[in-house]
2 protein chains.
Amino acid sequence: MSKGGRKTIKDVAAAAGVSIGTASRALNRRGRVSETTVARVTSAAQRLGYQPDAIAQSLRLKSTMVVGMLVTDLSNPFFAGVIRAAERRLQESGYALLVGNTDNDLTREQQLIDLFRRRRVDGLILGPCEAENTGMIGDLEAADMPVICYDRDFDEGLSGLHVAHRKAAYDATRHLLNLGHERIALLSSSIKLSPGRERIAGYRQALEERGLPFREDLIRAHQSSMEFVKSEAYSLMSIRPAPTAFISLGTRMLAGTLEGLRDNGWRVPEDVSVLTVGDTDLARLYVPAISTVTWDLNSVGENLAELMLRRLAPETGSEPRRIMIPTKLIDRGSCARPGRLIGD
Amino acid sequence: MSKGGRKTIKDVAAAAGVSIGTASRALNRRGRVSETTVARVTSAAQRLGYQPDAIAQSLRLKSTMVVGMLVTDLSNPFFAGVIRAAERRLQESGYALLVGNTDNDLTREQQLIDLFRRRRVDGLILGPCEAENTGMIGDLEAADMPVICYDRDFDEGLSGLHVAHRKAAYDATRHLLNLGHERIALLSSSIKLSPGRERIAGYRQALEERGLPFREDLIRAHQSSMEFVKSEAYSLMSIRPAPTAFISLGTRMLAGTLEGLRDNGWRVPEDVSVLTVGDTDLARLYVPAISTVTWDLNSVGENLAELMLRRLAPETGSEPRRIMIPTKLIDRGSCARPGRLIGD
DNA sequence: ATACGATGCGCAAACGTTTTTACATTCACT
DNA sequence: AGTGAATGTAAAAACGTTTGCGCATCGTAT
């Protein structure tokens with residue numbers, strides 16, 4: 001036995017009375033080995049508790065069986081759910097998932113990508129990040145690093161997945177328009193990220209179909225708004241004539257929005273209708289329950305994993321694929337016809 | 001240049017006109033190298049965009065600079081926050097964090113541990129898991145795998161971290177006792193996990209200090225209760241005389257508890273007081289806002305990382321340490337003196 | 001009996017590093 | 001000028017695998 005207590009294939013070979021190469025072939029049932037030696041070797045391996053060293057295998061086989069994934073914030077429940085599902089699916093196929101947080105910072109993203117390349121991950125799943133650089137992705141693919149994009153712009157010829165944020169925002173806006181709202185405030189995630197851009201596009205489209213003006217002053221979609229939702233909500237509330245509905249389209253934005261409304265004494269839905277994104281506990285149990293447009297995080301994770309696995313096993317046909325995850329609107333008590341006018 | 005586009009140290013050495021070994025020493029500023037060759041080599045490396053291969057380094061150096069972490073569910077916000085903080089701290093020291101989900105299943109936990117060992121992680125952070133087996137942890141340490149435990153039983157001589165769940169439950173219970181409650185229902189995470197056991201112990205201690213009986217029928221702490229909180233709440237509500245307060249001590253239990261209460265028309269806090277764990281959006285914004293006992297996830301993650309780093313750098317003194325993370329009670333509108341009696 | 005394909009196995013190279021050892025050169029000092 | 005130490009470099013071993021190649025051995029067919 002080698003020192004350190006860890007058994008190597010050398011120990012197994014010695015115990016089985018064969019050469020290292022034969023032991024390897026026996027364990028992997030590869031090449032020409034007799035059944036009797038296979039039995040001897042596997043039993044020796046069993047007895048010694050031998051586990052092949054993944055590092056050495058990676059070096060030799062040029063494959064680490066690890067895929068990396070970059071998100072802005074692992075503790076964001078939207079990402080956490082996706083990661084969980086993706087990890088499960090990948091693990092079924094023998095891959096591990098290494099996650100990195102970019103904090104929505106471009107430099108950090110690049111650092112992590114470099115780090116992951118050094119670590120020789122077999123593939124990379126890239127979540128949204130500010131100022132997305134589609135060229136960089138092309139470079140990665142050119143350097144033989146499979147990339148799957150998630151809610152992020154990417155060029156033709158690559159595979160990726162988008163949640164239908166545009167349709168979601170479109171549906172949400174239309175829903176409120178149908179109830180008779182005409183001044184609809186929009187709190188959205190940053191315009192620097194694909195989901196933010198898509199949401200605003202959907203919102204705009206719904207308005208324009210009704211011949212209503214697209215008013216910049218009714219929109220808040222800065223980088224910073226994540227932390228300052230409440231004050232953004234305040235500033236929207238001070239517009240006159242006041243908006244009669246709020247669409248709150250960011251992960252942790254609903255809480256700030258509701259706080260802002262409550263602090264000013266606006267009642268939901270009598271004074272203002274509210275619509276949000278994601279079916280959180282807060283949305284379900286708030287009084288009134290908040291209407292929301294939502295989608296299946298599990299499906300996102302599984303599809304991302306599936307896309308990656310397809311890219312990693314080229315024989316399954318590797319023409320690039322784009323997947324669009326549908327959203328659905330759940331209507332609850334927080335949306336109603338516009339009521340009394342506020343502040344006039 | 002080697003084929004495949006990836007530059008190796010061989011390429012750098014060739015470009016700098018030195019041997020491989022010298023190139024290595026120059027890049028790592030290790031051993032005897034002249035300043036002029038250091039300059040030549042580093043500039044060549046720069047020019048070629050050389051990045052050392054972490055896999056080859058790991059094989060040679062017997063260190064992967066990866067630490068593994070096992071939790072029951074990555075998408076549980078309590079864990080996600082901890083993971084995020086731990087990852088950040090570890091990354092500062094050059095380590096990556098590989099996370100695995102046990103789904104609170106013992107077999108899966110063992111599989112993942114084996115997997116991580118094959119992958120040669122440098123250390124392992126173990127979160128709670130059912131039927132914790134402290135012997136297994138000793139075996140790992142004996143096989144030279146540093147282990148840090150988190151909210152999980154472990155033997156003397158090891159390092160680990162606990163959140164003060166017992167104190168938290170004790171404080172919560174006392175708070176309600178002080179308001180005059182005598183029948184306090186407890187919904188807790190499973191008794192198979194350390195946090196669940198601790199919580200029940202704290203609850204019991206507070207009762208006994210007041211000379212009140214510890215009634216099993218007021219407690220729900222099964223494995224299954226996570227998914228069926230609502231029906232568990234129903235069954236607690238049917239006890240006569242009815243409990244006048246609910247302590248809901250599980251990650252995603254507050255929503256189910258509130259739903260159950262609301263469905264039966266029990267008002268908070270007029271008919272029943274509610275106290276929960278974790279400062280979630282739901283707790284803060286529910287009407288009334290829910291009192292809660294909470295702690296700092298960031299601190300948990302950072303301390304876990306710190307403990308691990310200390311174990312990994314033995315020179316810093318490696319006597320085992322136990323860290324206890326304090327909790328604090330935030331009182332809000334959901335707790336009041338017991339009111340009218342229900343169901344009598 | 002000779003030739004020949006098939007079969008099982010050992011040997012050695014390779015993956016990309018780091019580190020040890022040994023050798024050659026320079027420099028200072030007697 | 002000759003010895004010693006100090007210095008810089010090249011060569012080679014090692015980490016634990018997988019795999020191509022060659023060499024026996026054996027059975028079968030000519």
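Within every chain, numbering begins at 1; the chains are lettered A, B, ... in the order of the sequence lines, protein sequences first and strands thereafter.
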> Run the side-chain contact (heavy atoms from CB on, under 4.5 Å) test against B:D53 and tell me which residues pass, sequence neighbours left out.
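side-chain contact (heavy atoms from CB on, under 4.5 Å) list for B:D53, sorted by chain: A:R120, B:I55, B:A56.
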
> Which heavy atom of A:T72 sits nearest a heavy atom of A:T102, and at what distance?
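In terms of heavy atoms, the two residues are closest at CA-OG1, 3.3 Å.
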
> Which angle, rounded to 10°, do you find between the first-five-pair axis and the last-five-pair axis of the helix from C:dA1-D:dT30 to C:dT30-D:dA1?
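Roughly 70°, once rounded to the nearest ten degrees.
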
> Please answer whether the main-chain N or O of B:S63 pairs with a side-chain N or O of B:D122 as donor and acceptor at a distance below 3.5 Å.
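Answer holds: no.
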
> How long is the line joining CD1 of A:I20 and C1' of C:dC9, in whole Å?
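From A:I20 CD1 to C:dC9 C1': 14 Å.
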
> How many Å lie between CG on A:D11 and P on D:dG16, as a whole number?
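These atoms are roughly 9 Å apart.
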
> What pairs with A:N28 under side chain to side chain donor-acceptor pair (under 3.5 Å), at least two apart in sequence or on another chain?
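A:N28 satisfies side chain to side chain donor-acceptor pair (under 3.5 Å) with no other residue.
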
> Give every residue pair that meets the salt bridge (Lys or Arg N to Asp or Glu O under 4.0 Å) criterion with at least one member in residues 54-70 of chain B, sequence neighbours excluded.
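Checked against salt bridge (Lys or Arg N to Asp or Glu O under 4.0 Å) - neighbours excluded - no pair reaches residues 54-70 of chain B.
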
> Under a 4.0 Å heavy-atom cut-off, which of residues 24-43 of chain A touch DNA chain D?
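Those residues are A:S24, A:R25, A:N28, A:R30, A:R32.
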
> In chain order, what residues pass the side-chain contact (heavy atoms from CB on, under 4.5 Å) check against B:R152, with sequence neighbours excluded?
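B:R152: side-chain contact (heavy atoms from CB on, under 4.5 Å) contacts with B:E109, B:L126, B:C129, B:E132, B:M136, B:I137, B:C149.
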
> Does a side-chain N or O of B:S19 approach OP1 or OP2 of D:dA11 to a distance below 4.0 Å, or not?
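The answer is no; no side-chain N or O of B:S19 sits under 4.0 Å from OP1 or OP2.
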
> Under 4.0 Å, heavy atom to any atom of DNA chain D: which of residues 46-62 of chain B qualify?
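Residues of residues 46-62 of chain B under 4.0 Å from DNA chain D: B:L59, B:R60, B:K62.
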
> To the nearest angstrom, how far is A:I9 atom CD1 from C:dG10 atom P?
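Roughly 12 Å, once rounded to whole Å.
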
> What contact category does A:R118 fall into here, base, sugar-phosphate, or nothing, at under 4.0 angstrom with non-hydrogen atoms?
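Here A:R118 touches no strand at all.
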
> Could you note down all residue pairs passing salt bridge (Lys or Arg N to Asp or Glu O under 4.0 Å) where residues 79-91 of chain B supplies at least one of them, sequence neighbours left out?
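Residue pairs passing salt bridge (Lys or Arg N to Asp or Glu O under 4.0 Å), neighbours aside: A:D73-B:R84, A:D103-B:R84, B:R89-B:E92, B:R89-B:E306.
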
> Excluding sequence neighbours, so at least two apart, what forms side-chain contact (heavy atoms from CB on, under 4.5 Å) with B:A23?
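Counting only residues at least two positions away or on another chain, B:A23 forms a side-chain contact (heavy atoms from CB on, under 4.5 Å) with B:I9, B:A13, B:V18, B:V41.
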
> With sequence neighbours left out, which residue pairs that include part of residues 73-94 of chain B fulfil the ring-ring contact (aromatic ring centres under 6.0 Å, His included) condition?
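Passing the test, one end in residues 73-94 of chain B: B:F78-B:W295.
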
> Just by distance, with hydrogens left out, do A:T134 and A:D153 show a side-chain donor and acceptor under 3.5 Å apart?
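Note: A:T134 and A:D153 side chains miss the donor-acceptor criterion.
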
> State whether the side chain of B:D151 and the backbone N or O of B:H162 hold a donor-acceptor pair below 3.5 Å, judged by distance alone.
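A pair under 3.5 Å: no.
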
> So which protein N/O to nucleotides 24-27 of chain D N/O distances come out below 3.5 Å?
none

> For B:A39, what residues pass the side-chain contact (heavy atoms from CB on, under 4.5 Å) criterion, not counting sequence neighbours?
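If we apply the side-chain contact (heavy atoms from CB on, under 4.5 Å) test to B:A39, skipping adjacent residues, there are no hits.
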
> Check whether NZ of the Lys or CZ of the Arg B:R6 lies under 6.0 Å from the centre of the six-membered ring of B:Y50 and within 45 degrees of that ring's axis.
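No cation-pi geometry.
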
